[in-house]
Amino acid sequence: MIAATGLELRAGAQLLLADASFQIAPGDKIGLVGRNGAGKTTLAKVLAGEGVPAAGSVRRGSSIGYLPQDTRSGDLEGLALDRVLSGRGLDELRAAMRTAEEQMSDGQPARRDAAVRRYGQLEERLSLLGGYAAEAEASSIASSLGLPDRVLAQPLATLSGGQRRRVELARILFADAQTLLLDEPTNHLDADSVAWLRDHLKAFRGGLVVISHDTALLEVVVNKVFHLDAETATLEAYNVGWKVYLQQRETDARRRRREHANASREAASLQAQADKMRAKATKAKAAQSMQRRAERLLAGVAAERAPQRVARLRFPEPAPCGRVPLTAADLSKSYGSLEVFTDVDVAVDRGSRIVVLGLNGAGKTTLLRLLSGMEKPDTGEVVPGHGLRLGYYAQEHETLDTGRSVLENMRTAAPHLQDAEQRRILGSFLFSGDAVDKPAGVLSGGEKTRLGLALLVVSGANVLLLDEPTNNLDPASREEILGALRRYQGAIVLVTHDEGAVEALAPEKVILLPDGVEDTWNEGLADLVALA
């Protein structure tokens, strides 16, 4: 169980949550919702013990499994399976057993016998922790999340960002913690893995807090909803499932509008009467009393909530360029002994629309990194065409300088713009006031996405490389992205699991990895998007 008392959260000077008290008991399946930047990720970190509240306390009475938004990988030289097994500490046992096994072939009898005894002791400890059945369980969880045995046998350094994210989720689920805190767990998952995760979380008997923009997941899994209100810095608890919560929120909003309208009318009537009475000296005291009644009436009802602000996004007007601004020939890339792809050719025509498809680990992100120049190919070359101006949105936000502030990142990306114009653009992406001084490293996933897209807007790019640009966004902000994709006049190379993003792109071509086959887009390929 987790119990929070008088919790106050801040991001710099900004108040995110004030004086909140609640608990998470076994069987509670809580959907933590609120707009991007409201403080959901900050709250999850504090509940997990990885952040410190500005005030109040958190008491943890059970083991906690925490999946943060930012991918964690552990030792990149270690095997993926060992990382999953580390959820129960089995990775260290396996490593010690491998060492003992090697020492069992020692030519010195004394050392060999000691190694045999040590191996036996380690094997006994492994048996007490579930033994080889636990390894089979770990492999089964990983397989359900799209990580087959061949991937588990690879070092983490050779895996894509999406695969490492799945490894972390498998590790958390395998750890058998009594309370799970999952921040956007469906990011990078294909449709089959998402369906499996929904069923797994629905059957989970412990406590759960999940932050997700996947409404289908929330609908199937949660039995309570915590709404973090960015306007009032309060946590509103609804002890109902997702559909009833949405209905209740709408009912509450209608009631507030009705109460506010009635109170405003009555207060206006009282105010008008008070104004008339002030004209007569004998009724001045009664006028003051009526004025106070009008003020109390308005203070006694909740004000109408302003509509949620949404980032206003329009991709840059593309700079002039040649007919084929970007080409690549015979690209190959390997990580160690793992061959990602070989002999891939790419031609990006002016204003073209290209979607890159392939299973996780097929090299989609790697291809964009090669085209952007962030990585070098093992063979082949990337050739910029006449007038190429490239904009790259990275799913892991590597293009952001996390040690510098939001405004400093903008100044680096757009030194040609005046300070007022830089701030205006950041304001359209919901970074205003003190928010522009926040270090990029402390931003939530949704805020990092907004900042990364804001930097694209000032780039003047005529070729955009977009890697999962709709991840971590609330529905309203996602719709803005999709609208921007439709309107943009330059060329786009898109990697995404989001079928809506592909529909908005209206691609002309598709590149299928790892084979590198380029083909004309057809609607029959749409089913591959969610599986990619």
Side-chain angles (χ1 to χ4, degrees), residues 1-2 22-34 40-41 43-44 47-48 60-69 84 87-88 130 133-134 136-147 162 165-228 235-249 360 445 471-472 474-475 497-499 530-531:
M1 186 184 79
I2 299 176
F22 57 88
Q23 67 177 30
I24 303 156
D28 285 344
K29 309 282 185 68
I30 299 168
L32 178 56
V33 300
K40 302 185 298 294
T41 291
L43 177 56
L47 294 178
R60 303 168 191 87
S62 61
S63 55
I64 293 173
Y66 172 48
L67 179 75
Q69 268 189 25
V84 177
R88 296 185 194 171
E137 181 188 348
S139 296
S140 176
I141 291 172
S143 176
S144 298
L145 293 172
L147 297 167
R165 173 79 172 175
R166 292 171 185 233
V167 167
E168 284 303 291
L169 179 55
R171 183 178 73 85
I172 297 301
L173 298 181
F174 174 69
D176 227 7
Q178 293 167 292
T179 303
L180 298 178
L181 305 174
L182 307 180
D183 198 344
E184 297 290 358
T186 59
N187 277 1
H188 306 294
L189 295 187
D190 57 38
D192 288 343
S193 299
V194 170
W196 177 87
L197 181 63
R198 287 176 195 154
D199 291 340
H200 183 85
L201 295 180
K202 185 178 180 181
F204 179 62
R205 294 177 178 272
L208 169 69
V209 177
V210 59
I211 301 169
S212 180
H213 291 110
D214 184 338
T215 54
L217 176 79
L218 296 173
E219 186 177 324
V220 168
V221 172
V222 308
N223 55 27
K224 294 185 178 183
V225 179
F226 284 179
H227 179 261
L228 189 49
L235 192 69
E236 301 169 336
Y238 292 79
N239 294 318
V240 293
W242 180 250
K243 278 189 173 179
V244 179
Y245 156 75
L246 293 177
Q247 295 165 358
Q248 206 164 313
R249 287 276 296 174
N360 265 337
N471 272 2
N472 303 319
D474 56 56
H497 287 92
D498 185 341
E499 295 163 89
L531 299 174

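For this chain, numbers begin at 1 and follow the sequence in order.
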Evaluate V33 against Y245 for side chain to side chain contact (heavy atoms under 4.5 Å, CB included), listing each step before the verdict.
CA-CA 11 Å; V33 300; Y245 156 75; 3.6 Å; yes

Under the criterion side chain to side chain contact (heavy atoms under 4.5 Å, CB included), I'd like the reasoning laid out for L47 against F22: C-alpha separation, chi angles, the key distance, then a yes or no.
CA-CA 11 Å; L47 294 178; F22 57 88; 3.9 Å; yes

Kindly determine whether L67 and R165 satisfy side chain to side chain contact (heavy atoms under 4.5 Å, CB included), including the steps that lead there.
CA-CA 9 Å; L67 179 75; R165 173 79 172 175; 3.8 Å; yes

For R198 and D214, run side chain to side chain contact (heavy atoms under 4.5 Å, CB included): C-alpha distance rounded to whole Å, both residues' side-chain angles, the deciding distance at 0.1 Å, then the answer.
CA-CA 10 Å; R198 287 176 195 154; D214 184 338; 3.8 Å; yes

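Side-chain atoms of T179 never come within 3.5 Å of backbone atoms of I64 as a donor-acceptor pair (strictly under, hydrogens ignored). Although no hydrogens or angles enter the test, the distance criterion places a donor-acceptor pair under 3.5 Å between the side chain of S144 and the main chain of S140. Using a distance-only test at 3.5 Å, with no hydrogens or angles considered, no donor-acceptor pair links the side chain of R205 to the main chain of P26. Of the possible donor and acceptor atoms, none in the side chain of K243 sits under 3.5 Å from a partner among the backbone N and O of E219. Side chain of K224 to main chain of D28: no donor-acceptor pair is present (N/O by atom type, distance under 3.5 Å, no hydrogens or angles).
The salt bridge (charged side-chain N to carboxylate O under 4.0 Å, His left out) search around R171 returns E168, not counting sequence neighbours.
Between L197 and L169 there is a side-chain heavy-atom pair separated by less than 4.5 Å.
Evaluated for a side chain to side chain contact (heavy atoms under 4.5 Å, CB included) with W242, the options V225, N223, L217, V221 yield exactly one hit, V225. The side chain to side chain contact (heavy atoms under 4.5 Å, CB included) test with L180 is passed by exactly one of I24, L201, V210, V209: L201.
Separating the CG atom in L147 from the CZ atom in R166 is a distance of 6.0 Å, to the nearest 0.5 Å. Atom CG of L235 and atom CG of L32 lie 7.0 Å apart (nearest 0.5 Å).
Using cut-offs of 30° and 60° for the angle between ring planes, the W196 and H200 rings count as parallel.
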